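Predicted model only: the values in this text are computed from it and were never measured.
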Amino acid sequence: MEVKPVYNHTELGAIPEDWNVQTLNNISTISRLAGAEYTAVWQETPNGEIIALRGFNIGQGRIIERDLVHISNKLSLRLKRSRLCKGDVVYPCVGSIGNAVVIDEDSKYHIQQNIARITPYQNIVSSQYLAYYLMSALAAREVERFTSSSSQPSVLVGSLRQYRVPLPSTMGEQRAIAEALSNMDELLWGLDRLIAKKRDLKQAAMQQLLTGKTRLPGFAGEWEVKRLDALAEIRSGGTPSTSISKLWDGNIPWCTPTDITQLNGSKYLATTSRTISQEGLNNSSAEMIPSSSVVMTSRATIGECAINSVPVTTNQGFKNFVPFETTDVEFLYYLLQTQKQGFIRLCAGSTFLEIGKTQLAAYEVRPPVTKE
């Protein structure tokens, strides 16, 4: 007869009866680079032996090797509390809270400000298990216990020490859990790498096909240089007065750059987070953009595109392309995507990136002569 597992009810919910709940303070030592230490002696050394990790270098289970900073081994030894050893777990206390990495090599890494160094008691808790706990929804609930609803949440070391950790009683079970989760991570990272490779291949194919350097079977002849305003009517956007309520919450979709970035690479825009009324459209510089057009961000973030599958309006951070009858909207969408760096170069010298309607109208591209 099968024996059903027995669970105990704890402040974290039901856990197996042979598990227990410990505070992070009871199973590890936690330290952090003090502000006074940082400002008094910190000095970056481009060819230094030690990598000084910043918050954005701490990812989900791995170090993100972007814009790495180096310091000298001599300075790292002076700041022993923040010099990392094999088995330490690093955890950002500001910004990217919820990421964690286990250090797998002695004397190679250091932490800068706003990152906690957590040294697990190895006879009580596995470093890998603890890192996965810190990246879990359970730990996210602990974060909520100690942080406000500010746009830049932060965790104090004193609060971190009070995190409640559900702990299997044996190191063997902890390691088995960590290994199972690690295998899942390896699978996901492998898929990410494959997707990135396929995306690079697509970008290369777009560049070749959309410039005519590679021709599809059955097509020949020269492509013509044309201005963008010969391919589509370019329309701008606008924002109704936010102090007049009757201009808002109507039945006309109103697009902001966030609506585009939240598509996460999807081609089509069908809904927007906000709407305006007909009166809002009539009393602002917003213009109605018919369906099967291309909306493109033109301020701060340049060149993010989508094909709107319904009629929309946009705010002033857009330049929108209503294709002429001789222009295929799908081709126009991909063509605009390949011109992003060219659009950004037109903004060179300005402190706030923005591309104007006149600049875009005169921008030259080389499309096929015919639509079909």
Side-chain angles (χ1 to χ4, degrees), residues 199 201-238 252-257 259-261 263 265-272 281 285-299 301-347 353-372:
R199 187 177 289 115
L201 290 172
K202 175 192 170 185
Q203 288 295 326
M206 285 173 59
Q207 191 64 34
Q208 292 292 313
L209 289 169
L210 294 171
T211 58
K213 293 177 181 177
T214 297
R215 304 295 295 274
L216 294 174
F219 295 93
E222 292 296 320
W223 288 19
E224 294 180 357
V225 174
K226 290 187 177 182
R227 290 163 46 116
L228 281 178
D229 62 358
L231 302 179
E233 179 189 351
I234 303 174
R235 299 183 186 178
S236 299
I252 300 174
W254 183 74
C255 183
T256 69
D259 291 312
I260 304 301
T261 56
L263 291 175
S266 178
K267 191 193 308 185
Y268 300 103
L269 174 74
T271 60
T272 58
L281 177 63
S285 57
E287 299 182 64
M288 185 62 75
I289 310 301
S291 60
S292 296
S293 300
V294 179
V295 295
M296 187 187 82
T297 58
S298 60
R299 179 181 292 182
T301 300
I302 307 291
E304 295 297 322
C305 298
I307 298 174
N308 55 305
S309 56
V310 297
V312 300
T313 59
T314 70
N315 75 4
Q316 58 270 34
F318 284 83
K319 293 295 178 285
N320 307 301
F321 297 82
V322 182
F324 296 136
E325 189 175 341
T326 53
T327 303
D328 180 80
V329 67
E330 300 275 343
F331 175 84
L332 180 61
Y333 166 82
Y334 287 116
L335 178 66
L336 292 172
Q337 283 199 320
T338 65
Q339 304 304 314
K340 184 173 181 178
Q341 292 306 313
F343 294 156
I344 291 174
R345 283 194 291 271
L346 288 180
C347 308
L353 292 182
E354 183 169 15
I355 189 167
K357 185 174 178 179
T358 302
Q359 291 172 298
L360 282 173
Y363 190 91
E364 292 185 335
V365 292
R366 187 188 295 270
V369 175
T370 63
K371 179 177 179 180
E372 301 299 332

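Looking only at side-chain heavy atoms (C-beta outward), R235 and V322 come within less than 4.5 Å of each other. Residues L335 and L231 form a side-chain contact, since some pair of their non-hydrogen atoms from C-beta on lies under 4.5 Å apart. Looking at S309 and S291, their side chains never come closer than 4.5 Å, going by heavy atoms from C-beta outward. Looking only at side-chain heavy atoms (C-beta outward), Q316 and S285 stay at 4.5 Å or farther from each other. In this structure the side chain of K226 never reaches within 4.5 angstrom of the side chain of Y363, judged on heavy atoms. With contacts defined as side-chain heavy-atom distances shorter than 4.5 Å, the pair K357/K319 qualifies. The closest side-chain heavy-atom distance from P323 to S293 is below 4.5 Å. Within the 4.5 Å cutoff, the side chain of T297 has heavy atoms near those of the F318 side chain.
A donor-acceptor pair under 3.5 Å is formed between the side chain of W254 and the backbone N or O of G238.
The two residues C305 and L336 make their nearest non-hydrogen contact at SG-CB, 4.0 Å. Minimum interatomic distance between P290 and N308 (heavy atoms only, all atoms of both residues): O-ND2, 2.9 Å. Heavy-atom minimum distance, A232 versus F321: CB-CB, 3.9 Å. Across all their heavy atoms, V329 and S292 have their closest contact at CG2-O, 3.2 Å. When all heavy atoms are compared, the tightest approach of K340 to G303 is CG-CA, 4.3 Å. Closest approach of A306 to I260, counting heavy atoms only: CB-CD1, 3.9 Å.
Distance CG/L269 to OG1/T314: 10.5 Å, rounded to 0.5 Å. Between atom CD1 of residue I307 and atom OH of residue Y268 there is a gap of 5.0 Å, rounded to the nearest 0.5 Å. Atom CD1 in I234 sits 5.5 Å away from atom CG in L360 (nearest 0.5 Å). Atom OG1 of residue T327 and atom CD of residue E233 lie 12.0 Å apart, to the nearest 0.5 angstrom. Of the inter-residue distances, the one linking F324 atom CZ with L332 atom CG reads 10.5 Å to the nearest 0.5 angstrom. Rounded to the nearest 0.5 angstrom, E354 CD and I302 CD1 are separated by 7.5 Å.
Using a 4.0 Å cut-off between charged side-chain N and carboxylate O, E364 and R227 make no salt bridge.
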Before giving the answer on side-chain contact (heavy atoms from CB on, under 4.5 Å), spell out for V294 and N320 the whole-Å C-alpha distance, their side-chain angles and the decisive distance to 0.1 Å.
CA-CA 6 Å; V294 179; N320 307 301; over 6 Å; no

Quick one, V225 with V365, criterion side-chain contact (heavy atoms from CB on, under 4.5 Å). Give me CA distance, side-chain angles, the key distance, then yes/no.
CA-CA 6 Å; V225 174; V365 292; over 6 Å; no

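If you check the side chains of Y334 and E330, you find no donor sitting under 3.5 Å from an acceptor.
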